[in-house]
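Working notes, structure below.
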Amino acid sequence: MSTAPTSAAPGGPASAPERAVALDAGPGSSGPGADRDAPAWVEAIGRIGLVAYGLVHLGIAVLAVRIATLGEREQHADPRGAIELVAAGSGFLGRWLLAGAAVALVAFAAWQLRASAVGFRWAQPEERWRKRLGAAAKAVGVLSVAYLAAEFATRMQGRRNAFQATVDEVFAHTAGRWLVGAVGLFAIGMFFSMSYTGIRATFMGDLLPEKLPGHRRTLTLVTGSVGNLTRAVTFGVVGACTVLAAWEDTPNRIGGVDVALRTLAAHTLGATMFVVAAVGFAAYCVYCVMDAYARHP
């Protein structure tokens with residue numbers, strides 16, 4: 001009697017191995033892994049970069065707490081401040097850590113840039129465009145942090161007030177003010193996009209559910225939602241301040257995360273606002289670690 005394996009009937013349920021191959025390969029591929037969003041080696045380094053990106057947010061959280069509890073107003077709770085914290089406290093080792101972080105961050109950005117162009121083929125068509133736009137935006141943010149890390153690693157970091165000098169030069173031209181205003185509107189758009197991500201927890205669709213059983217899934221869901229909403233509010237305030245500065249021709253009002261937190265503190269809970277923000281940024285760090293572990297290839 002023949003013992004040849006039987007195949008599923010047309011239209012019938014696929015076996016578990018068949019579903020696994022379909023998930024890994026995606027539509028139109030020629031074999032397992034054909035639809036990866038990046039080469040395996042780039043992905044491996046990129047996952048380390050995603051953890052480093054989370055640690056930058058943890059550094060921001062630490063600085064925010066120090067500003068709130070110790071009154072260290074000269075500190076700046078932003079990515080540059082977080083990287084300065086590592087560079088100042090770790091000496092020669094810190095430079096090597098920052099150099100490694102810069103390489104890993106660039107790898108993650110490359111992964112996301114490729115995904116923004118041709119990736120997420122495993123996602124539903126109606127979700128694919130949104131995920132690609134989000135990947136492009138994240139790549140830009142990660143590259144900016146990689147640039148700062150590389151600056152400090154090579155001891156070629158510029159002065160913090162060099163940014164303000166650049167802004168002043170841009171504002172000297174009418175077209176420059178319009179450009180700054182457009183950047184502010186983009187940041188406001190990111191506020192709405194990231195708010196949607198945090199409220200609807202759409203980031204969970206980027207992760208492999210089999211890697212997040214039970215409490216891991218709950219941890220990822222909570223920290224991802226809190227972290228993304230914290231970043232959303234920060235982007236919204238940065239965008240509003242930037243648009244207002246462009247409209248009123250007041251370049252000194254433009255800034256990043258630190259300016260956003262100080263603006264929020266001045267108009268809401270005072271120093272307590274820094275603690276609230278610190279919780280959100282720390283949550284985002286935890287989410288980044290879980291994301292690096294469970295992100296779809």
Side-chain angles (χ1 to χ4, degrees), residues 23-26 29 31-60 79-80 82-87 90-123 128 131-157 197 203-212 216 219-220 223-224 227-228 231 281-282 284-297:
L23 177 63
D24 190 44
S29 62
D35 269 359
R36 300 181 79 98
D37 288 342
W41 67 272
V42 174
E43 177 191 316
I45 301 174
R47 290 181 190 273
I48 299 173
L50 185 50
V51 173
Y53 191 56
L55 290 175
V56 168
H57 286 79
L58 182 61
I60 296 174
R80 176 179 284 273
I83 291 172
E84 285 178 343
L85 200 63
V86 176
S90 304
F92 181 76
L93 177 61
R95 289 180 58 199
W96 281 102
L97 286 173
L98 290 174
V103 172
L105 286 165
V106 169
F108 180 69
W111 178 7
Q112 293 306 286
L113 285 173
R114 186 178 186 278
S116 70
V118 297
F120 300 106
R121 283 172 284 184
W122 46 266
R128 196 172 299 149
K131 289 183 179 296
R132 286 179 174 178
L133 288 175
K138 178 170 280 190
V140 172
V142 169
L143 282 174
S144 68
V145 176
Y147 176 77
L148 289 173
E151 274 192 329
F152 279 88
T154 56
R155 294 182 176 177
M156 296 177 64
Q157 67 270 21
T197 297
F203 54 86
M204 296 297 289
D206 297 338
L207 312 178
L208 296 173
E210 59 268 27
K211 286 192 172 185
L212 298 173
R216 290 183 191 174
L219 177 65
T220 306
T223 56
N228 275 288
R231 281 164 45 85
F281 286 122
Y284 191 75
C285 173
V286 175
Y287 162 69
C288 283
V289 174
M290 301 306 294
D291 189 7
Y293 167 71
R295 177 171 282 264
H296 197 291

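- Taking every heavy atom of both residues into account, Ala153 and Ala99 meet most closely at CB-N, 3.6 Å.
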> Are Leu143 and Leu105 close enough, and set up right, to give a side chain to side chain contact (heavy atoms under 4.5 Å, CB included), and what steps lead you there?
Replying inline: CA-CA 7 Å; Leu143 282 174; Leu105 286 165; over 6 Å; no

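- Ion pair Glu151/Arg80 flagged as a salt bridge, since at least one NZ, NE, NH1 or NH2 atom sits closer than 4.0 Å to an Asp/Glu carboxylate oxygen.
- Closest non-hydrogen pair, Ala82 versus Val56, comes out as CB-O, 3.5 Å.
- Nearest heavy atoms, Ala135 versus Phe120: CB-CE1, 3.8 Å.
- Summarising the geometry of Ala52 relative to Ala101, their closest heavy-atom pair is CB-CB, 4.2 Å, with the distance given to 0.1 Å.
- A 4.5 Å side-chain heavy-atom check between Thr223 and Cys285 finds every atom pair outside the cut-off.
- Aromatic rings from Phe281 and Tyr284 are positioned such that their centres are separated by 6.0 Å or more.
- The line from OH of Tyr53 to CG of Asp291 is 11.5 Å long, rounded to the nearest 0.5 Å.
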> When you look at Tyr287 and His57, which way does the side chain to side chain contact (heavy atoms under 4.5 Å, CB included) test go after all the steps?
Replying inline: CA-CA 11 Å; Tyr287 162 69; His57 286 79; over 6 Å; no

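- Across Ala292 and Leu50, no two heavy atoms sit closer than the pair N-CD2, 3.5 Å.
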> Is there a side chain to side chain contact (heavy atoms under 4.5 Å, CB included) between Leu207 and Met204 once you walk through the steps?
Replying inline: CA-CA 5 Å; Leu207 312 178; Met204 296 297 289; 4.2 Å; yes

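- Although no hydrogens or angles enter the test, the distance criterion places a donor-acceptor pair under 3.5 Å between the side chain of Asn228 and the main chain of Gly224.
- Between Ala109 and Ala139, the closest heavy-atom pair is O-CB, 3.8 Å.
- Atom CD1 of Ile83 is separated from atom CG of Leu55 by 11.0 Å, given to the nearest 0.5 angstrom.
- Arg95 contributes atom CZ, which lies 12.5 Å from atom CZ of Phe152 (distance to the nearest 0.5 angstrom).
- Between the side chain of Arg216 and the backbone N or O of Met290 there is no donor-acceptor pair closer than 3.5 Å.
- Under the salt bridge (charged side-chain N to carboxylate O under 4.0 Å, His left out) rule, Asp206 has a single partner from Arg132, Lys131, Lys138, Lys211, which is Lys131.
- Rounded to the nearest 0.5 angstrom, Trp111 CH2 and Arg295 CZ are separated by 6.0 Å.
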